Every structure is written in structure tokens, then in C-alpha cells.
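Input: a single structure, listed below in C-alpha cells.
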Amino acid sequence: MAEQEDFETIVGKAPEVDENDPQNLISAGVVGAGTMGQGIAQLMASSGIDVILVEKDEESLSHSMNELAEMMDREIARWGMTASEKRAVLTRIQGTTDMIKLQDIHLIIESVTEDIALKQDLFRRVDQICDSDAILVSNTSTLSLSEIASVTSHPDRVIGMHFMNPVSKTKIVEVIRGLHTSEETFTYIKGFAERINKVAIEVYEYPGYVTTRVIIPMLNEAMYVLMEGVSTAEHIDTAMKLGFNLNFGPLEFADMMGLDEVMRWMETLFHELGDLKYRPCPLLRKMVRAGHLGKKTGEGFFKYNRDGKKIID
Ligand code: NAD
């Protein structure tokens with residue numbers, strides 16, 4: 001104690017760090033290292049935040065860490081990133097299968113498979129492990145935040161951040177208030193979005209929010225058009241891309257998102273809103289059952305090489 005006082009007399013008192021300012025955030029957790037979790041971890045690491053990235057088992061973790069490194073190699077090949085930036089990002093990301101490593105972390109972003117029981121189970125565990133003032137975020141596209149938050153002891157500190165794919169390239173994130181989300185939590189997350197260079201779109205809890213709800217009928221309709229033999233996958237995508245000035249056609253876009261995820265979103269929207277426009281196209285179901293999940297498995301509506309590039313027949 002005396003030593004501490006001597007030290008403070010000489011160098012002055014260390015300034016208090018305001019934990020409620022997202023600019024002071026030095027480390028964060030991401031649970032689920034799939035397509036989105038990898039992107040979110042990379043984004044935070046490149047914004048100077050140390051990341052603890054949690055996967056369900058060692059095999060999935062090592063697969064995800066390899067994918068993340070390969071994704072950055074592709075960026076380097078496109079001159080979108082340097083080798084030293086890649087090293088800096090990777091040194092900031094600590095992969096683990098041990099949730100207990102999240103115990104002192106103030107901000108945790110969950111990005112596991114779109115399944116309410118799985119997400120609730122994780123929120124229950126994270127809630128027990130972390131401090132009572134930790135902020136728990138879900139990247140869910142369609143599930144109810146209030147339902148997810150209901151298993152925690154602090155639903156006021158649960159909020160949604162719906163990132164878009166690919167995370168590093170899209171400019172927006174939807175920030176979603178659950179029924180009990182507090183104003184403090186909302187303000188913190190808006191500041192955090194700014195820190196990681198995203199424009200925050202404020203939305204209230206509702207199935208599919210803005211982006212998923214609006215894009216899904218277009219993807220589904222393109223699948224019906226293909227199934228009904230109106231045109232080929234290539235022509236459908238070219239028509240929509242060139243006709244409406246889009247970066248990707250709807251079928252390639254669905255492949256990028258992951259067909260299993262897209263099907264889950266449709267099922268939730270169909271179940272919640274009861275509207276036939278969200279009923280998953282039978283062709284989509286067939287492809288998911290066959291394990292053709294899009295880019296992540298190398299085959300969906302199109303085929304992809306190891307670099308994730310579409311193979312033109
Ligand atoms: P994904 O299938 O690529 O990844 C999910 C990951 O979660 C897998 O790596 C899986 O091993 C891991 N996981 C499962 N159970 C776990 C557990 N108990 N502990 C730790 N990790 C576990 O899915 P994704 O596309 O990354 O989607 C994840 C979330 O992001 C979903 O809620 C989805 O709706 C949302 N989302 C996806 C997109 C998209 O375009 N794919 C866009 C916005 C939001």
C-alpha cells in the first residue's frame with residue numbers, strides 16, 4: 001500500500017478508465033467462428049481490439065482459424081491487405097474452446113448457428129460466466145432477441161447487432177433493441193459500431209428486421225424461377241445483376257450466405273409471419289439435405305474453387 005502511494009506521488013495517479021465508453025474497449029469475445037464469427041473477429045482485431053474466439057470443439061476451431069488465415073491471404077493477393085496487417089490481426093485473435101476465458105470480457109458477440117435452443121444455451125452459460133455489467137450481443141438474423149435475453153439475469157444488457165456478409169466489406173450493421181434492452185446498452189453499442197467503422201441502422205425487434213426480411217423474398221423467388229425451369233442459374237443471376245445494378249445475383253448471394261442459414265431464416269420468417277412469400281423453395285431444401293450449402297462447401301447453385309471463386313462452366 002505504502003509502495004503504491006509512493007509510486008502515485010512520483011508518477012501521478014493513473015487516469016480512471018471509463019468502461020462505459022466503447023473507445024476504451026480493449027478486448028471482446030466472439031462465440032461461433034463460422035462465416036460471420038470469423039469476419040466479426042477480423043473486423044474487431046483490425047480495429048485494435050483483442051478477440052477471444054470460441055468454437056464448439058478443437059476440430060471446428062482449427063478449421064475456422066485456417067479459413068480465417070486463407071481469407072486474409074486472398075485479400076493480400078488482391079492487394080486489399082498487407083502481410084503485416086494479417087499478422088497483426090492474427091496475433092490479436094486467440095482461438096479457444098473454453099468459454100471460461102470470457103469471464104473478464106465486457107463485450108461478447110454470439111454468432112453461432114441460427115437455432116434458438118443453441119443460442120439460449122450459450123447466453124445462459126455466458127451470463128453465468130461473465131460480470132453482471134457485461135454486454136451480450138447476438139448476431140441473429142431472424143430470432144427473437146427478447147426470447148434469447150429471457151434466459152439471462154440481465155436482459156437489459158442484451159442487444160442485437162446484425163452484421164452483413166462479408167463483414168469487412170459491408171458498411172452497415174443493424175442494431176436491434178429487444179423488449180428489455182436499456183438505453184445505456186443501446187448507446188454503448190452505437191458507439192461501438194462507430195468504433196469499428198459501421199453505420200448503425202436502428203431497428204426494433206421484429207422477425208427479419210429490415211435487411212433479411214427484404215432480401216429473403218427475392219432470393220426465394222429466384223430459386224422458384226430456377227426450379228420452374230424459366231431460366232438457368234447463370235442467366236437468372238446475370239439478369240438481376242445487370243438489370244438492377246447489383247454486385248451479385250440472388251443465387252450467388254444465397255451461396256455466399258450459406259444455404260442452410262438462408263433456409264433457417266426463411267423457416268423462422270414463415271413460422272413467425274405466416275406469409276407464403278417466406279416458404280422455403282423445395283429446391284433449397286433439397287440442396288441443403290444434399291449438403292450443397294454454397295460457397296462454404298464448394299457447391300451450391302454454383303461451384304466454387306478453394307479460393308471461394310465461382311467456377312464458370
Ligand atoms: P456458420 O454455420 O458458418 O457458423 C456457425 C458456427 O457456430 C460454426 O462454426 C459452428 O461450429 C459454431 N457453433 C455451433 N455451436 C457452437 C457452440 N456451442 N459453441 C461455439 N460455437 C458453436 O453460420 P454463420 O453464417 O456464420 O451464421 C452465424 C449467425 O450469424 C447466425 O445467427 C446467422 O443467422 C447470422 N448471420 C449470418 C449471415 C450470413 O450471411 N451467413 C449474415 C448475418 C447474420
Side-chain angles (χ1 to χ4, degrees), residues 29-43 51-68 71 95-102 108-126 129 136-145 147-148 151 160-176 198 201 203 207-216 219 247-248 250-269 272 288 291-298 300 308:
V30 175
V31 186
T35 311
M36 297 304 286
Q38 288 170 30
I40 297 167
Q42 183 195 340
L43 173 70
V51 180
I52 295 178
L53 181 59
V54 187
E55 249 300 329
K56 61 179 177 198
D57 54 43
E58 289 297 338
E59 196 189 337
S60 312
L61 178 63
S62 114
H63 177 76
S64 298
M65 295 305 284
N66 287 339
E67 270 190 352
L68 182 58
M71 185 169 74
T96 181
T97 56
D98 188 2
M99 295 256 289
I100 205 80
K101 296 234 168 87
L102 298 174
I108 288 124
I109 303 181
E110 166 279 310
S111 190
V112 300
T113 319
E114 189 83 335
D115 174 322
I116 186 74
L118 175 63
K119 288 189 191 275
Q120 282 188 322
D121 179 51
L122 279 169
F123 270 73
R124 202 176 284 116
R125 283 157 64 197
V126 172
I129 290 169
L136 311 184
V137 177
S138 176
N139 181 35
T140 178
S141 305
T142 52
L143 300 172
S144 160
L145 271 168
E147 206 175 342
I148 294 173
V151 300
M161 281 188 98
H162 180 231
F163 289 90
M164 312 291 291
N165 184 15
V167 179
S168 60
K169 300 237 159 58
T170 44
K171 294 197 172 66
I172 65 133
V173 61
E174 285 175 291
V175 177
I176 308 120
K198 296 285 176 210
I201 307 291
V203 297
Y209 323 122
V210 177
T211 53
T212 310
R213 184 169 163 193
V214 172
I215 198 73
I216 281 296
L219 305 187
N247 287 336
F248 301 98
L251 299 173
E252 186 178 354
F253 202 34
D255 276 352
M256 282 168 58
M257 291 169 171
L259 299 187
D260 50 342
E261 284 296 320
V262 170
M263 193 174 90
R264 282 195 194 95
W265 302 340
M266 287 185 192
E267 278 170 344
T268 309
L269 287 170
E272 291 281 326
V288 171
H292 294 177
L293 307 183
K295 217 173 222 186
K296 61 184 164 187
T297 58

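Here the structure is a predicted model, which means the values were calculated and not measured. Both ligands and their constituent atoms are indexed starting at 1 by order of listing.
Around ligand 1, the residues contributing at least one heavy atom under 4.0 Å from the ligand are Val31, Gly32, Ala33, Gly34, Thr35, Met36, Val54, Glu55, Lys56, Ser111, Val112, Thr113, Glu114, Leu118, Lys119, Asn139, Thr140, Ser141, His162, Phe163, Asn165, Met257, Glu261, Trp265, Lys296.
A donor-acceptor pair shorter than 3.5 Å can be found between the side chains of His162 and Ser141.
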Working for salt bridge (charged side-chain N to carboxylate O under 4.0 Å, His left out), residues Glu267 and Arg264: CA-CA 5 Å; Glu267 278 170 344; Arg264 282 195 194 95; over 6 Å; no
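Under the 30°/60° scheme for interplanar angles, the aromatic rings of Phe253 and Phe248 are found to lie parallel.
Just one of Thr140, Ile201, Val214, Val175 meets the side chain to side chain contact (heavy atoms under 4.5 Å, CB included) condition when paired with Tyr209; it is Thr140.
The line from CE of Met36 to CE of Met164 is 8.0 Å long, rounded to the nearest 0.5 Å. For the atom pair OG1 of Thr142 and CH2 of Trp265, the computed distance is 8.0 Å after rounding to the nearest 0.5 Å.
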